[in-house]
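Numbers here simply count residues along the sequence, with the first being 1.
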Amino acid sequence: MVNRLVKPIISNSFFLFGARGTGKSTFVKSYLPRKSYYLDLLDDETFDRLMLEPEMIEDLCSEKKYEWIILDEIQRLPKLLNIVHRMIEKYHQKFALTGSSSRKLKRGGANLLAGRAFVNILFPFTYLEIQNQFDIDHALHWGTLPKILSLSSDAERKAYLRSYCLTYIKEEIQAEQIVRNLEPFREFLTVAAQSSGNIINYSSVSRDVGVQVPTVQSYFQILEETYLGLILPHYHRSVRKSQIQSPKFYFFDNGVKKALEASLDSKPVEGTSQFGDLFESFVIQEIHRLNEYFQRDFRLSFFQTKHGAEVDLVLSKGRQVILVEIKSTKRVDEIEVRKLARIAHDFGDQTRSFYLSRDKFQRIVDGVECWFWSDFPKNFFGASSMERFG
């Protein structure tokens, strides 16, 4: 079994959010080895019983037979959180609450327990979790959802990813009535997948899908709130001003992105724009996941100059700013490095800049640190990184 990097504090109740298929149920069952009681709200019989008899949870707590009660997919029955809240206070019962969407909880005014349950997020596997099994070409093509690593053929992987997308629409969107009209949302998913990694042009997506711009904006929010997407704002020292310019969007997993755009039959070929785009997405996904797991609290954004030059990723926290440019080439392009150096110079002397590629020879060019791509997340988020990166 893969040792996951997420480490909820077990002296306290906790939420574990994450997209479907990231292994939440498997994780909590293995992470809580002590006696626990498991309730799966995706099971219709369990759901119906708890909807009609929510007090059964209080019976479990009062008997004090279980150190932990696991409520899987809590967003299906948010009213249970009021009982959970009371049981934490009354019996000091510990709960593990998993969910594939925070949207229904947040927007429905659900009781989020006012800090009595800490929040954690589980993502697809990271490179650091599966180092010995990791293959970059495989990750770019099929993604890193746990199930994918257990499948032995391309036919199985393709069938799983196609089924995953249909299940998401059926169980997450249709069953929870997140959108009223499903057909435009289906079309939107394809368009969003095709434009993943680019600055969002809301007007263009609106025309392609046939809905108003505010609806398109809500669709992107749905993907973020069901953990299927990452929205990167444009960097500005003022958070308010950063919200004025259009953000970028990345799907949470390359395999799901390729399934939605119907490109699973097309394997990424080194040297093509498709390979480069998928590589950039993967590295950004990796950094985002590890930023959450290690609770580094960096704000992730991108930067574009008024002349159109871009920095793929900006990590900022307080006065600390780190610029990251990502290239899939096996050799450092010093012309591109010097472009990054000029942008970094405008940010000030305290800014660190990194050029990540598949070139394993580490060096510094014009103040830009050129690293092999996997060395950055490994060193940035590893145990020794706290002193080195602050």
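The closest side-chain donor-acceptor pair between Glu270 and Ser328, if any, does not fall under 3.5 angstrom. The closest side-chain donor-acceptor pair between Thr22 and Tyr227, if any, does not fall under 3.5 angstrom. Side-chain contact annotation: Glu73 with Gln75, donor-acceptor N/O pair under 3.5 Å present. In summary, the side chains of Glu156 and Ser153 do present a donor paired with an acceptor at a separation below 3.5 Å, with no hydrogens or angles considered.
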Stepwise, does the ring-ring contact (aromatic ring centres under 6.0 Å, His included) test hold for His288 with Tyr250?
CA-CA 11 Å; His288 169 57; Tyr250 291 88; over 10 Å; no
Trace of the salt bridge (charged side-chain N to carboxylate O under 4.0 Å, His left out) decision for Glu58 with Lys90
CA-CA 10 Å; Glu58 185 162 2; Lys90 186 175 180 179; 3.3 Å; yes
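Note on Val119 and Leu32: same hydrophobic cluster, where clusters join Ile, Leu, Val, Met, Phe, Trp and Tyr whose side-chain heavy atoms are under 4.5 Å apart, directly or indirectly. Linking ILVMFWY side-chain heavy atoms closer than 4.5 Å, directly or via other members, places Leu223 and Leu182 in a single hydrophobic cluster. No continuous path of hydrophobic side-chain contacts links Leu42 to Leu16 [ILVMFWY only; heavy atoms under 4.5 Å]. A continuous path of ILVMFWY side-chain contacts below 4.5 Å connects Phe185 to Val213, so both sit in one hydrophobic cluster. Linking Ile, Leu, Val, Met, Phe, Trp and Tyr whenever their side-chain heavy atoms come within less than 4.5 Å puts Phe372 and Phe380 in one cluster.
Summarising the geometry, atom OH belonging to Tyr91 is positioned 11.0 Å from atom CD1 belonging to Ile69; distances are rounded to the nearest 0.5 Å. Summarising the geometry, atom CZ belonging to Arg338 is positioned 10.0 Å from atom CG belonging to Asp333; distances are rounded to the nearest 0.5 Å. The distance from atom CD of Glu369 to atom CG of Asn379, rounded to the nearest 0.5 Å, is 10.5 Å. Atoms CZ and CG, on Phe303 and Leu340 in that order, are 11.5 Å from each other to the nearest 0.5 Å. Atom CH2 of residue Trp142 and atom CZ of residue Arg157 lie 6.5 Å apart, to the nearest 0.5 angstrom. Between the CG atom of Leu80 and the CG atom of Leu97 there is a distance of 9.5 Å, given to the nearest 0.5 Å.
With sequence neighbours excluded, no residue forms a salt bridge (Lys or Arg N to Asp or Glu O under 4.0 Å) with Arg342. With sequence neighbours left out, Lys360 forms a salt bridge (Lys or Arg N to Asp or Glu O under 4.0 Å) with no residue at all.
For Leu52, the CG atom is densely surrounded, since the number of other residues' heavy atoms within 6.0 Å is greater than 12. Atom CZ of Arg162 is surrounded by 12 or fewer heavy atoms from other residues, nucleotides or ligands within 6.0 Å. The environment of Lys79 atom NZ is dense: over 12 non-hydrogen atoms of other residues, nucleotides or ligands sit within 6.0 angstrom. The environment of CD in Glu67 is crowded: more than 12 heavy-atom neighbours from other residues, nucleotides or ligands sit within 6.0 Å. Around CD of Gln295, the count of heavy atoms belonging to other residues, nucleotides or ligands within 6.0 Å does not exceed 12.
Just one of Phe252, Phe251, Phe134, Phe275 meets the ring-ring contact (aromatic ring centres under 6.0 Å, His included) condition when paired with Phe282; it is Phe134.
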For a quick test of your reading: what N or O donor-acceptor pairs under 3.5 Å do the side chains of residues 254-268 make, sequence neighbours left out?
unit_1	atom_1	unit_2	atom_2	d
Asn254	OD1	Gln285	NE2	3.4
Asn254	ND2	Leu278	O	3.1
Lys257	NZ	Ala193	O	2.6
Lys257	NZ	Glu261	OE1	3.1
Lys258	NZ	Ser263	O	2.9
Lys258	NZ	Ser263	OG	3.3
Lys258	NZ	Ser266	O	2.9
Glu261	OE2	Ser263	OG	2.8
Asp265	OD1	Lys158	NZ	3.0
Asp265	OD2	Lys158	NZ	3.0
Lys267	NZ	Asp154	OD2	3.3

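Applying the salt bridge (charged side-chain N to carboxylate O under 4.0 Å, His left out) test to every pair with at least one member in residues 117-131, sequence neighbours left out, gives these pairs: Arg4-Glu129. Sequence neighbours left out, the pairs with a member in residues 39-55 that pass side chain to side chain donor-acceptor pair (under 3.5 Å) are Asp43-Thr46. Counting only residues at least two apart or on different chains, the side chain to side chain donor-acceptor pair (under 3.5 Å) pairs with a member in residues 185-195 are Glu183-Arg186.
Ring geometry, Tyr235 versus Phe347: the interplanar angle falls from 30° to 60°, so the pair is classed tilted. Ring geometry, Phe249 versus Phe220: the interplanar angle exceeds 60°, so the pair is classed perpendicular (tilted spans 30 to 60°).
Distance alone, capped at 3.5 Å, is enough to place a donor-acceptor pair between the Lys24 side chain and the Ala19 backbone.
Electrostatic pairing of Glu336 and Lys339 counts as a salt bridge here, judged by a charged N lying under 4.0 Å from a carboxylate O.
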